[in-house]
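Worth saying up front: this structure is predicted, and the values here are computed from it rather than measured. When a residue number appears, it is its place in the shown sequence, counting from 1.
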Amino acid sequence: MTRTSLITLALTVSLGACAHKGAETSDFAAGTPNYAKSSATPSGSDLAEAEAVAPSGGASFGGATSSSRAPAPMEDSAPAEYAGRGDASVGAEAPPQHRPSRGLGTSYGETRYSHVHSTTFRRANSNPDVVLSMRYNDPNGINDLASIRGGARQPHAAMQSGALRLSLVGEGGGVLPGAEIGGDIYAIGGVGQRYMIAVENHTSERYEVVASVDGLDVIDGGDAGFQKRGYVVDPYTSFVIEGWRTSDDTVAAFRFSELEDSYAERKGKGRNVGVVGVAFFQEFDPVDYNELRRREGADPFPNRYAPPPPPRRVY
């Protein structure tokens, strides 16, 4: 069953999604993209036809076009908390001065500007085509888990499926350090550190992206689910989601926090703290390919010789 959605795309003026097009997507292969400015799309109710919201970036969405200054390239580096220390150890031994870790959550941070406007989007399917998820924790929590399950360092907190990619980036735009433990990818962060969800679409199609943090939808703050509306990402484009959406113009920044200070825990829904997920929905294609093929094979003179007449009717 197909669905039509109210979608919104946001441009964060402070630090948002940067549209990488054409040859500029070469960072994708290396796995080290940088993000300077962002665009994204929140959604609304199920409608037969609905408006969606597009970013104020340089792309056209649903007939609305806007422009912005191209972001300056940034160094792909670890956040300040890790400068001079390198990535956290994920070996079996605990680091010096080890303290037990309850793990990080994500708080409802400060208000940041992030304007949105609408565009139309109709899903091809009710279930997502691709789902990517990533866990996160502080260095001590990573070491605690690795000592039990084993693990390996990852240069970046990023993962991909085909030409679709998810990563967690810090305030400076660099992808956070990561670890792979028990088949899961973990981002490594620290209390108070701001982060963003970076999404890349290196395909020729638009996708709707429904995102969740700690089991909560990033747009309405309720329980996350595939039926929720999301952000629209254009072909060969990337954007970052900076926080929980609070209005058409603002978000509450994502910041790593102590567990008890997390948004989910304070709402009494801390069961799924420590995980970020994005679901990609392909756009419905109204083209009837069977009809196209029939027309391509149409013969202007199908009968080159006179066929015999049909049998004579007997009354």
Could you tell me if the side chain of F280 sits less than 4.5 Å from the side chain of L132, heavy atoms only? yes
Would Y113 and D249 satisfy side-chain contact (heavy atoms from CB on, under 4.5 Å), going step by step from the backbone distance to the final call? CA-CA 6 Å; Y113 178 75; D249 295 308; 4.1 Å; yes
Can you get from V130 to V276 by hopping between Ile, Leu, Val, Met, Phe, Trp and Tyr side chains that sit under 4.5 Å apart? yes
Going by atom types only, do Y108 and T246 share a side-chain donor-acceptor pair under 3.5 Å? no
Side chain proximity check, R194 to E242, heavy atoms < 4.5 angstrom: yes
Charged N-O contact under 4.0 Å between R294 and E291: yes
Side chains of V273 and L259: closer than 4.5 Å at any heavy-atom pair? yes
Would F239 and I197 count as a side-chain contact (heavy atoms from CB on, under 4.5 Å) here? Give the steps. CA-CA 8 Å; F239 69 85; I197 302 170; over 6 Å; no
Just so I know, are the side chains of V191 and D138 near enough to count as touching, which here means a heavy-atom distance under 4.5 Å? no
Could you tell me whether the side chain of D129 and the main chain of Q282 form a donor-acceptor pair under 3.5 Å? yes
In Y186, F256, F254, the residue satisfying ring pair (Phe, Tyr, Trp, His ring centres under 6.0 Å) with Y136 is F256
If we ignore hydrogens and angles and just use 3.5 Å, is the side chain of R255 paired with the main-chain N or O of G192 as donor and acceptor? yes
